[in-house]
Amino acid sequence: MSTTLSTHAATRLLRFDAVQRTVHWVNAACFGVLIFTGIPLYFGTFFGVVFPRHEIQEIHLWVGIFLPAPLLVSFVGSWGRRMRRDLRRFNYWSRAELRWFAPGGRGAQRLDKFNPGQKLNALFVGAGIVIMWASGYVLQWFRFFPLSWRVGATATHDFFAFALFAVIVGHVVMALTHRDELVSMFKGSVKAEWAKHHARQWYDEEAVAPED
Amino acid sequence: MDDKAAPPIAKSPVGRRLFLGLVALGAGGIVFGESVQNFASTKLGSGLASLLPGGDHFRIYSVTGSYPRIPTKKYQLEIGGLVDKPMTLSFDDLRALPSIEMVKAFQCVTGWRVPNVSWKGVQLSHLLSMAGVQKGAIAVSFDSYDGTDTESLTLDEAHIPDVIVAYEMYGQTVSREHGGPVRLVVPQMYGYKSLKWLKSIHVADQQVPGFWEQNGYPVNGWLDGWTGPTDPNPNLT
């Protein structure tokens, strides 16, 4: 794309293309709606406010059913090349990346396009979507499942709802405190200088053979 | 699909393992979560367990989207239909009648379950004998102050000793969100049979399916593994 090769004459590198940014923000909006409708469904009353339960339940249900669709669509087809490539990055970890989580383990690595924490976030949210969808399915179409599964699905849906909420709050806090990364999810590109310091391996790869 | 991008450093598919491991954990939670939850509530006591996410915890449902507010001073329970003495009882009238207390699990048809809920109230069978059920009656139906929800029991079911008209839950007047001040409690059946904000009891010669039954739930909402009034249910407390 706009990156000129080998020398990094370009001052900015494309981090997220339009497909990735769109799917990110659609996904984020869905999670937002699911959290805000899930809270009163779980707590009964919320700050003492009695709410139209039925409507909130319907919104939660339909947004939940829709949730995986944008992601799935973003991985297929010619438009999904960057999604697929980033998925490979989430999958493959070097030993150095695993050490990143250990005390004093940060520093020496030449980090990938995503640091190990970001990879972990993506994997957890991805698995979380599968788990919430499956347990939500059991809750909605409970008649087809034995009672013990319904009980288990309720517990699982609740447990991972809390876990996902915590992870998402963490994700938002990190985004708000890391301006370059946040801007790249709006504009698509990051400063080449940023990549040189925070994603050196990706920076070098881009110098040899830029994506797209 | 992107062989050219194969990483130069030795890498392993940690991401896939982690992802599949998490999904397996979730699947295990659905299939075995009940045992885990039971274990947690025996080890921690249900008070602590209820603080855990997904623990023993009431989800408040209402079919109308709002909760009726009925002050105990204004509360009235009508008993009518095929009875010798139709009557209207106030909250204090109910409290003055012989009561029973019981501790039962509350099991919702959708899966959540709260063990050890304590109730106090008047046996439905006592109210029915006060009013005098007439010949030809086979069923009892219930209306709610929410104006929409209805329920029904056969006359036999209505005479199960722990089917009660409850006015206390956990030692206090049943709260508004739990269907107070007075609700039906049918511990042998799924929660939807325990009608909230009980307004009237009507004895009839036919059983009219209630609100949830008209929406596809079984009319006799026996808990799984329980077959009828003569079979003591091991799951109940």
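On a predicted model such as this, the values are computed, not experimentally measured, just so you know. Chain A is the first sequence line, chain B the second, and so forth, proteins listed ahead of strands; every chain is numbered from 1.
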Asker: Under 6.0 Å from the CZ atom of A/Phe36, do we count more than 12 heavy atoms belonging to anything else shown?
Answerer: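 It does not: A/Phe36 CZ has 12 such atoms or fewer within range.
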Asker: So with a 6.0 Å cut-off around CZ of A/Phe165, is the heavy-atom count from everything else above 12?
Answerer: no
Asker: Can you name the nearest heavy-atom pair linking B/Leu22 to A/Leu123, along with the distance?
Answerer: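 For B/Leu22 versus A/Leu123, the nearest heavy atoms are CD1-O, 4.4 Å.
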Asker: Checking heavy atoms, do the side chain of A/Glu97, its backbone, both or neither come under 4.5 Å from chain B?
Answerer: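 Interface part for A/Glu97: side chain.
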Asker: With chain B, which of A/Ala163, A/Gly126, A/Ala153 has the greatest number of heavy-atom pairs at distances under 4.5 Å?
Answerer: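 Going by pairs under 4.5 Å, I would pick A/Ala153.
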Asker: For chain B, find which of A/Val151, A/Asn91, A/Leu139, A/Ile131 contributes the most heavy-atom pairs closer than 4.5 angstrom.
Answerer: A/Asn91
Asker: Is it the case that over 12 heavy atoms from other parts of the model lie below 6.0 angstrom from the NZ atom of A/Lys113?
Answerer: yes
Asker: Quick check for you: among B/Gly28, B/Gly29, B/Ser12, B/Ser35, which has the greatest number of heavy-atom pairs under 4.5 Å with chain A?
Answerer: B/Ser12
Asker: Can you tell me which portion of A/Leu87 sits under 4.5 Å from chain B's heavy atoms? Options are side chain, backbone, both or neither.
Answerer: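 No part of A/Leu87 comes within 4.5 Å of chain B.
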Asker: Contact part of A/Phe160 toward chain B, heavy-atom cut-off under 4.5 Å: side chain, backbone, both or neither?
Answerer: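 For A/Phe160, side-chain heavy atoms alone lie under 4.5 Å from chain B.
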Asker: Count the heavy atoms of every other residue, nucleotide or ligand shown that sit under 6.0 Å from CH2 of A/Trp25, and state whether that count exceeds 12.
Answerer: yes
Asker: Would you find more than 12 non-hydrogen atoms of other residues, nucleotides or ligands less than 6.0 Å from B/Gln172 atom CD?
Answerer: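 Not more than 12 within 6.0 Å, no.
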Asker: Can you confirm whether A/Phe75 is buried at CZ, in the sense that more than 12 heavy atoms of other residues, nucleotides or ligands lie under 6.0 Å from that atom?
Answerer: yes
Asker: Looking at side-chain heavy atoms only, is the closest gap between A/Trp149 and B/Val31 below 4.5 Å?
Answerer: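 Yes. Closest side-chain heavy atoms under 4.5 Å.
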Asker: Heavy-atom distance under 4.5 Å between the side chains of A/Leu147 and B/Gln107, does that happen here?
Answerer: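 Touching, per the 4.5 Å side-chain cut-off.
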Asker: Short question: side chain of A/Thr156, backbone of B/Ile30 - any donor-acceptor pair under 3.5 Å?
Answerer: yes
Asker: Does a side-chain heavy-atom distance below 4.5 Å link A/Asp112 with B/Lys11?
Answerer: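 Yes, their side chains come closer than 4.5 Å.
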